[in-house]
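Residue numbers run from 1 in the order of the sequence given. As the structure lists them, so they are numbered: ligands from 1, and atoms in each ligand from 1. Note: hydrogens, waters and symmetry copies are ignored here, and every other heavy atom, side chains too, is used. Owing to the predicted nature of the structure, the values given are computational and were not obtained by experimental measurement.
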Amino acid sequence: MKILILAAGLGKRMKSKYPKVVHNVLGKPMINWVIETAKNLGKVGVVLGYKYEEVKKVILNNVEIFIQNEQLGTGHAVMCAKDFIDENDDLLILYGDVPFITVETLEKLKNEHEIKNNDVTILTAILENPSGYGRIIREGNKIRIVEEKDANDEIKRIKEINTGIYIFKGEFIKKNLANLNNKNAQEEYYLTDIISFSNKVSTVLVEDILEVTGINDKFQLALLEKEMRRRINTKLMLEGVRIIDPENVYIDATVKIGKDSIIYPFTFIEGETVIGEDCIIGPMTRIKDSKIGNNVKIIRSEVEKATIEDNVSVGPFSRLREGTHLKENVKIGNFVETKKSIVGTNSKAQHLTYLGDATIGNNVNIGAGTITCNYDGKNKHPTFIDDNAFIGSNSSLVAPVKIGKNSIIGAGSVITNNVPEDTLALGRARQINKEGWVKTKREENKNADSKK
Ligand code: UD1
Ligand code: CA
């Protein structure tokens, strides 16, 4: 089967300068939901129009792209992709703004199509409020679809609607596209008109309306996302994840979480994130595209493109950036930022620290206020801190620099040279105590005052 996704419309009601289908739905461009589903069933083509360059920027690869310069209707959109249609293969039509259609429903449609040897098989739905949709009218063994704008009152009362999803025999649709006209209320070329040309047609009723609900404006987008999020959270909870207050936890469909992990409110878990078992995540935490082991605690923190091994504790108020790798039992505490840094087993950076382009061994203690000065204004440089080193508070490690095994850096040091192993390094002015200085000063001032 071939799949053609119609996505040329501008989506006026989105009130956006971007085409409708590039808007993110649970962290993924709307159109990519449809493409991912479609890829399970065959070769995928899309019809783009309004600002198609913007869509091309986000669209998944291995998709054939056709351009419809003027949006003259769904029939016209398919005409723009007629080279995509294979006469000896079926053609499934999907919409770029109907993101939650599932492979299971499409398989049902395909089964019906094949068993009945149809020219066209339509996915329909029964709606309490069908207004705006094309209505399904059965006449003998034929089916006709009448658009709302062309319908009389009797037709408007029909509750069975066209979802806009169908499978056509390639040969049938290719032959009949040329016969379409735009003599209707909207002066559009209606793809639906082709359906009345055949008597080998039947329908499949969709069970879950969410699957065929389109997104037209940002309010509908929010409602649909909310419902999808509810389902994602419900599924996770039934798999054994504890979610405290699921209405306030935002998890993408792509995320995996192990059982007995607890997710606290106001937490966002996004992208290709995998979290192990027995973790405590949140409250107020955002994790994106990260891999997290078992028994990890992340509280009030931001984590992106990081790898965190078992028994690590992060936060509150930590920021782990791209390329952070924390090995087992690491502790990263409040106001610590890490970037492209590896922190070895049992090492700790508990307070007010920046670790950038750093490789840190095992059992290292990074004192409060330590900064790896990795940037000289032009280039980034690495810092290496070997096992068991102790970095005193408020030290600046000016990279490139190496701190040897077991060494100690005195608090407040500015370290510009490598430190060998087992060494105490002090990089600051020696302290001077001027004993009695304050007392002398006080008496001088007193004498000066009494002479006034
Ligand atoms: C269409 C159906 C209608 C059905 C409804 C379901 C026709 C004539 N009518 O309505 O029976 O109930 O879908 O939502 O087909 N598109 C293009 N190029 C165009 C026009 C549309 O690519 O020239 C795309 C849009 O981007 C959208 C999809 O086709 O993704 C549907 O278009 P839309 O205008 O929403 O549907 P209707 O034509 O109103
Ligand atoms: Ca329309």
Side-chain angles (χ1 to χ4, degrees), residues 3-14 16 18-23 25 29-35 38 45-52 54-55 59 65-82 84 92-101 120 122-127 129-137 143-151 155-156 158-166 168 173 176-177 180-196 203 205-206 209-217 220-221 224:
I3 303 98
L4 188 63
I5 301 170
L6 308 189
L10 108 165
K12 208 195 274 173
R13 282 173 284 170
M14 292 299 277
S16 172
Y18 307 106
K20 172 159 59 174
V21 293
V22 308
H23 286 78
V25 178
M30 205 183 288
I31 191 163
N32 287 345
W33 284 84
V34 189
I35 293 173
V46 296
V47 181
L48 303 179
Y50 179 72
K51 290 197 177 170
Y52 62 84
E54 295 287 326
V55 186
I59 211 167
I65 295 173
F66 302 89
I67 305 298
Q68 182 192 28
N69 286 314
E70 251 187 305
Q71 282 73 66
L72 303 178
T74 47
H76 182 260
V78 178
M79 286 179 209
C80 293
K82 67 175 187 304
F84 182 69
L92 166 67
I93 303 288
L94 298 174
Y95 289 167
D97 56 0
V98 181
F100 296 139
I101 186 72
V120 52
I122 311 166
L123 188 67
T124 70
I126 309 273
L127 297 185
N129 175 13
S131 78
Y133 289 95
R135 307 300 207 281
I136 303 288
I137 298 168
I143 290 179
R144 196 154 63 87
I145 295 175
V146 176
E147 294 304 300
E148 171 95 9
K149 289 191 175 128
D150 302 299
I155 290 175
K156 281 183 185 162
I158 297 173
K159 291 194 166 154
E160 187 179 15
I161 62 103
N162 170 29
T163 64
I165 294 172
Y166 347 74
F168 288 95
I173 189 170
N176 286 297
L177 272 176
L180 288 181
N181 63 56
N182 63 351
K183 292 183 189 128
N184 51 57
Q186 305 187 78
E187 297 186 329
E188 285 184 2
Y189 293 88
Y190 289 168
L191 180 60
T192 44
D193 285 351
I194 292 182
I195 290 160
S196 62
T203 61
L205 194 64
V206 71
I209 300 299
L210 185 84
E211 283 193 38
V212 295
T213 305
I215 293 170
N216 291 310
D217 56 42
Q220 282 175 342
L221 172 56
L224 224 64

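Exactly one residue among Asp97, Val22, Val98, Leu224 makes a side-chain contact (heavy atoms from CB on, under 4.5 Å) with Met30. That residue is Asp97. Residue Ile136 is tested with Ile143, Ile161, Ile195 for a side-chain contact (heavy atoms from CB on, under 4.5 Å); the sole match is Ile143.
Within the 4.0 Å heavy-atom criterion, neither part of Lys20 lies near ligand 1.
Using a 4.0 Å cut-off to heavy atoms of Ala7, the atoms of ligand 1 that qualify are 22 (O), 26 (O). Those atoms of ligand 1 that come under 4.0 Å of a heavy atom in Gly134, given as number and element, are 3 (C), 4 (C), 11 (O), 12 (O). Listed by number with element, the atoms of ligand 1 under 4.0 angstrom from any heavy atom of Leu72 are 23 (O). Within the listing of ligand 1, atoms 17 (C), 18 (N), 22 (O) sit less than 4.0 angstrom from a heavy atom of Ala77.
Under the 4.0 angstrom criterion for non-hydrogen atoms, Thr192 is in contact with ligand 1. For the ligand labelled ligand 1, residue His76 lies outside the 4.0 Å heavy-atom shell. Judged by the shortest distance from any of its heavy atoms, Ile161 lies outside the 4.0 Å radius around the atoms of ligand 1. In this structure, Gly73 has a heavy atom closer than 4.0 Å to ligand 1.
Distances between N or O atoms of Glu70 and those of ligand 1 include no value under 3.5 Å. For Gly164, no nitrogen or oxygen atom sits less than 3.5 Å from a nitrogen or oxygen atom of ligand 1, counting backbone and side chain alike. Of the polar atoms of Ala8, at least one N or O is found under 3.5 Å from an N or O of ligand 1, judged by distance alone. Taking distance alone, with nitrogen or oxygen atoms compared against 3.5 Å, Asn162 approaches ligand 1 more closely than that limit.
Relative to atom 13 (O) of ligand 1, the option among Tyr133, Tyr95, Tyr50 with the closest non-hydrogen atom is Tyr95. Ranked by closest heavy atom to atom 24 (C) of ligand 1, the top entry among Ile145, Leu4, Leu191, Leu6 is Leu6. Summarising the contacts of atom 6 (C) of ligand 1 with Thr163, Val47, Thr74, the nearest heavy atom is found in Thr163.
Residues Tyr50 and Tyr52 place their aromatic rings such that the two centres sit no closer than 6.0 Å.
A donor-acceptor contact under 3.5 angstrom links the side chains of Tyr190 and Asp150, judged on distance only. The closest side-chain donor-acceptor pair between Lys20 and Asn216 falls under 3.5 angstrom.
Between Arg135 and Glu147 there is no salt bridge, since none of the side-chain N atoms of the basic residue sits less than 4.0 Å from a carboxylate O of the acidic one.
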Show me the donor-acceptor pairs, under 3.5 Å and distance only, between side chains in residues 70-81 and residues at least two apart or in other chains.
| from | atom 1 | to | atom 2 | distance (Å) |
| --- | --- | --- | --- | --- |
| Gln71 | NE2 | Gln68 | O | 2.9 |
| Thr74 | OG1 | Leu191 | N | 3.1 |
| His76 | ND1 | Gln68 | NE2 | 2.8 |

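Under the 3.5 Å distance criterion, the side-chain polar atoms of Thr192 are left unmatched by any main-chain donor or acceptor of Ile145.
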- Task: Please lay out, stage by stage, how Tyr166 and Asn162 fare under the test side chain to side chain donor-acceptor pair (under 3.5 Å).
- Result: CA-CA 9 Å; Tyr166 347 74; Asn162 170 29; 3.1 Å; yes

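Environment of NZ in Lys82: sparse, with no more than 12 heavy atoms of neighbouring residues, nucleotides or ligands closer than 6.0 Å.
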